[in-house]
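Please read the structure below before turning to the comments.
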Amino acid sequence: MAQKVVAMILAGGKGTRLKALTKKIAKPAVHFGGKYRIIDFSLSNVANSDITVCGVLTQYESAVLSNYVGNGSTWGFDGVNGKCQSLAPHQTEEGANWYNGTADAIYQNLDFLDDEDPEYVLILSGDHIYKTTYNDMIDLHIKSGAVCTISVIEVPWEEASRFGILEVDSNDQITKFVEKPKKPQSNLASMGIYVFSYKELRKALVEDAKDETSSHDFGSNIIPKLLKDNKKVMAYRFSGYWRDVGTLDSLHAANMELLPSMGKEDIIHFSEFPTVFSEDTHSMPQYIGKNATIDDSLINQGAIILGSVAESVISNEVFVGEQASVVKSVVMPGAKIGKGAYVYNAIVGPNVVVKDGEVINKDGKDVLLVD
């Protein structure tokens, strides 16, 4: 059945709440977990679902992301048994147009989808951290006869206003959908993962494109319109680890949740299927100095640790100098922590240099970005 499905990954967001981390690169290209980039998770999930055709829709600062994805060979899309293609906004007879909303992004790539002629289209975000396969969700969609199926998860009530919130009947058929309601009537949130029957999706997108009052968004326009037209829209209940890492605090927290000391039952286990694939940096083996100490931390290849690291995630090519201390922090690739420096509860950006003896966020309660 996966052979009849095309995946479309929305990966064009600015991610402004990540501040300097997304100044030059798109949010899905941000480093995560010592050796990954955020988009590795969506691409790996698609590959592990045996879906062989995938479009990655890029827009903001797309160069790094497009180069990273390439032809998708890292995730098994080798161009022979499948393909992965970056899809940036392109110039038409009407001129060059940016993607104007999530639905418009798919609409502008209907030619790509028409060429593939799928029965179903899987649409998902490229900036969430989770491991899954989509096969059960696709099966539910097909068996239910739905036009659209949305993957949902229960969120804390205090966070519900940040999400698209839906209500369902006893069969999990969606009866109401409200995008980011001020006063949520439910805590069942859309994860931004949709399965559509392609003929119905195409029709809905063409109609929406003609509506000058529309914001051309799935949550604000397409889904509510389907419900208004009494189309069958189903909820698929996701279980397991899922994080939206759209802020510095959430990005830091998700990195910390990789550490065994967190003791979370739903934590991502990288050694277990579904596998998370990522680019090999071809780094030298990590080096731990004779006077170094490491406690409850992830240390990637290519790192040189001469000082102390505790409850931290250290990426490739990171240097931690003698008598330096890194505590409860995320240190991204190429960063240098100088001799005798102290870094606490921070995210140290790629290639950042912390000077000898410098103190960063000592005893700080809030996560600090060092850029």
Side-chain angles (χ1 to χ4, degrees), residues 15-38 40 61 64 68 129 245-262 278-279 281-371:
T16 53
R17 292 179 296 170
L18 292 179
K19 300 182 179 178
L21 291 178
T22 52
K23 186 176 181 180
K24 294 294 183 181
I25 62 173
K27 179 182 172 184
V30 169
H31 297 279
F32 177 83
K35 66 170 292 185
Y36 304 95
R37 292 182 187 260
I38 294 173
D40 285 337
E61 290 291 355
V64 171
Y68 180 72
I129 304 297
V245 288
T247 66
L248 291 175
D249 285 342
S250 62
L251 179 64
H252 182 272
N255 273 275
M256 294 297 101
E257 286 172 344
L258 302 178
L259 304 177
S261 61
M262 293 295 293
S278 187
E279 181 182 62
T281 59
H282 303 289
S283 303
M284 294 289 289
Q286 60 179 233
Y287 174 75
I288 311 299
K290 64 179 180 180
N291 295 319
T293 59
I294 297 176
D295 179 37
D296 190 30
S297 297
L298 295 179
I299 313 293
N300 195 22
Q301 59 185 349
I304 298 174
I305 311 297
L306 305 180
S308 172
V309 175
E311 298 177 82
S312 295
V313 177
I314 306 297
S315 299
N316 56 288
E317 274 61 60
V318 165
F319 176 84
V320 178
E322 295 179 351
Q323 301 170 25
S325 294
V326 178
V327 183
K328 294 184 181 298
S329 294
V330 179
V331 185
M332 294 187 170
K336 311 294 181 186
I337 311 298
K339 181 178 179 180
Y342 180 83
V343 179
Y344 178 80
N345 199 31
I347 298 175
V348 182
N351 303 309
V352 166
V353 176
V354 176
K355 298 177 181 178
D356 292 354
E358 188 174 356
V359 176
I360 302 293
N361 205 29
K362 185 177 182 180
D363 302 325
K365 294 181 180 180
D366 297 326
V367 175
L368 179 70
L369 173 62
V370 186
D371 61 356

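All figures in this text were calculated on a predicted structure; none of them were measured in a lab.
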[Y] side chain reached by [X] side chain, heavy atoms, under 4.5 Å:
X    : Y    : result
M256 : V330 : yes
I347 : N255 : no
L248 : K19  : yes

Can you see which heavy atom on [X] is nearest to which on [Y], and at what distance?
X    : Y    : answer
V64  : A29  : CG1-CB, 4.4 Å
H31  : M332 : O-CE, 3.4 Å
I305 : A292 : O-CB, 3.4 Å
V30  : L18  : CG2-CD1, 4.3 Å
I38  : K27  : CD1-O, 3.5 Å
G33  : L258 : CA-CD1, 3.5 Å

Scan side-chain atoms only and decide if [X] and [Y] contain a donor-acceptor pair under the 3.5 Å cut-off.
X    : Y    : answer
Y68  : S278 : yes
E61  : T22  : no
S312 : S329 : no

Once rounded to the nearest 0.5 Å, what's the spacing between atom [atom1] of [X] and atom [atom2] of [Y]?
X    : Y    : atom1 : atom2 : answer
Q301 : E317 : CD    : CD    : 7.5 Å
L21  : L251 : CG    : CG    : 6.5 Å
T293 : I288 : OG1   : CD1   : 10.0 Å
L259 : L298 : CG    : CG    : 5.5 Å
L369 : D249 : CG    : CG    : 11.0 Å

- Item | Passing candidate, side chain to side chain contact (heavy atoms under 4.5 Å, CB included) with V354, options V359, I337, V320 |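 Answer to the side chain to side chain contact (heavy atoms under 4.5 Å, CB included) test with V354 among V359, I337, V320: I337.
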
Please check: side-chain N/O of [X] versus main-chain N/O of [Y], any donor-acceptor pairing under 3.5 Å?
X    : Y    : answer
D40  : R37  : yes
N316 : G302 : no
R17  : T247 : no

- Message: Strictly by salt bridge (Lys or Arg N to Asp or Glu O under 4.0 Å), give each pair with a member in residues 319-333 just once, sequence neighbours left out.
- Response: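 Applying salt bridge (Lys or Arg N to Asp or Glu O under 4.0 Å) to every pair that reaches into residues 319-333, excluding sequence neighbours, yields E311-K328.
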
- Please, which pairs that meet side-chain hydrogen bond (donor to acceptor under 3.5 Å, both in side chains) have at least one residue in residues 348-371, sequence neighbours excluded?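 Matches after skipping sequence neighbours: none remain.
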
- Message: Restricting to ring pair (Phe, Tyr, Trp, His ring centres under 6.0 Å), what partner residues turn up for Y36, sequence neighbours left out?
- Response: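 Once residues adjacent in sequence are excluded, the partners of Y36 under the ring pair (Phe, Tyr, Trp, His ring centres under 6.0 Å) criterion are F41, F270.
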
